[in-house]
Amino acid sequence: METKRVVPTGLYGSGQRYNSSASKVTKIATSSSSSTSPRSSTAGNSTSNSTSPRTAATAPQSTVASTNATRAEPDGSNDIEVGELDASLFDSSEGYHDHQWSTSFQGMAVAPFEQRIIDVLLAPVAELEVEIKPDGLLYLPEIKYRRILNRAFGPGGWGLVPRGAHSVSGRNLSREYALICLGRFISQARGEQEFFDQSGLATATEGCKSNALVRCCKDLGIASELWDPAFISQFKAKHCIEEWMTHSVKGNKKRLWRLKSRAFDYPWVKK
């Protein structure tokens, strides 16, 4: 018996199916058809067992669209019926054609990249490009990761694919993304970003995507030194300083980190 692939609810819009054999999303047929599954026939007319084939084959669109759970067709086909989209931020028409990158792991770990690409990805991080947050966390600006990927694979040779809908928890927005390079699955990570009101959602979604990119790039070895305790200690001793600063409005004091080549911005002042 053929194994069915169950797609999580929310990956596609209501009234759609994922066809694993055709690798595409198709609209659910709502007109009369001789190949309608027993489940659809039952959904179309649950009060009669003697309904004619033509009548039973016509399932109301509202019945299909109101389903909130993913289920597999029981007639042995490869079609999977998908329920309502439960996140308004998610665009169900976004991509999902060749190889269904919303769920696929194609090309994962099949072979190393060519040496030129490896040299670009594993090049030592440029210390002058490393930043430090006031709490002491070292990081590389997100745009630096994009530039490294462009040098390695070329613009258009890599991309981030959503692996599900946005998730909102309090003031935290998150979404799962997969990094695809030269048609191969590389890594998957959930990006997150805080927001404070509805007007900031557009910026938060972009920040969420950038955060996921940085996390995915760890599997390519980009700027891996930033997670190495020995490098972190040496970098802080060489390029950073921690000192007491006073908040000019609230008056509270806090020990904060900065690069030796930078000064603290308002409202933090040294007294």
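Excluded from the calculations below are hydrogen atoms, water molecules and symmetry mates; all remaining heavy atoms, backbone and side chain alike, are included. Every value quoted in this text rests on a predicted model; they were computed, and no experiment measured them.
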Those residues that, when tested against R151, pass salt bridge (Lys or Arg N to Asp or Glu O under 4.0 Å) (two or more places apart): none
Cluster link I180 to L121, ILVMFWY, side chain under 4.5 Å: no
hydrophobic_cluster_shared for L160 and I148, side chain cutoff 4.5 Å: yes
Residues in ring-ring contact (aromatic ring centres under 6.0 Å, His included) contact with F235, at least two apart in sequence or another chain: F231, H239
Residues R258 and E131 bridged, charged N to O under 4.0 Å: no
Gap between atom CG of L179 and atom CH2 of W158 - 0.5 Å precision: 7.5 Å
Candidate list E142, E192, R175, test side-chain contact (heavy atoms from CB on, under 4.5 Å), partner N211, passing option: E192
Euclidean distance, S261 OG relative to L128 CG, rounded to 0.5 Å: 8.5 Å
Geometric cation-pi criterion R184 and F113, 6.0 Å radius, 45° cone: yes
Side chains of F195 and V168 in contact at under 4.5 Å (non-hydrogen atoms): yes
Heavy-atom pair of closest approach, residues C208 and G191: SG-O, 3.0 Å
Counterpart residues, side-chain contact (heavy atoms from CB on, under 4.5 Å), relative to I143 (two or more places apart): P141, R146, R147
Minimal non-hydrogen separation, P112 against I118, with atom names: CB-CD1, 4.4 Å
Distance, nearest 0.5 Å, that separates CD1 of I132 from NZ of K260: 11.0 Å
Spatial distance of atom NZ (K144) from atom CG (L149) [nearest 0.5 Å]: 14.0 Å
Shared hydrophobic cluster for Y177 and F185 (ILVMFWY, side-chain gaps under 4.5 Å): no
N-O pairing of R190 and E176 below 4.0 Å: yes
Side-chain H-bond candidate by donor/acceptor type, Q188 with R163, under 3.5 Å: yes
Interatomic distance, K236 atom NZ to I241 atom CD1 [nearest 0.5 angstrom]: 13.5 Å
Cationic N near anionic O, under 4.0 Å, K238 to E127: yes
ILVMFWY network linking Y145 to V130, side-chain heavy atoms under 4.5 angstrom: yes
4.5 Å side-chain heavy-atom contact, L256 and E242: no
CD-OG distance between E194 and S169, expressed to the nearest 0.5 angstrom: 11.0 Å
Pairwise side-chain contact, Y139 with K133, heavy-atom cut-off 4.5 Å (strictly under): yes
Cationic N near anionic O, under 4.0 Å, E243 to R255: no
Only distances under 3.5 Å count here; give the side-chain donor-acceptor pairs of residues 217-227 to other protein atoms, sequence neighbours excluded, each with its distance to 0.1 Å.
from: D219; atom 1: OD2; to: S187; atom 2: OG; distance (Å): 2.7
from: E225; atom 1: OE2; to: V125; atom 2: N; distance (Å): 3.2

D197 side chain to G200 backbone, donor-acceptor under 3.5 Å: yes
Whichever hydrophobic residues join V269 through chains of side-chain contacts under 4.5 Å: none
Any pair counted as ring pair (Phe, Tyr, Trp, His ring centres under 6.0 Å), so long as it reaches residues 250-271, sequence neighbours left out: H247-W268
Heavy-atom side-chain proximity of I117 to L182 below 4.5 angstrom: yes
Single-linkage hydrophobic cluster, 4.5 Å side-chain cutoff, F153 and L140 together: yes
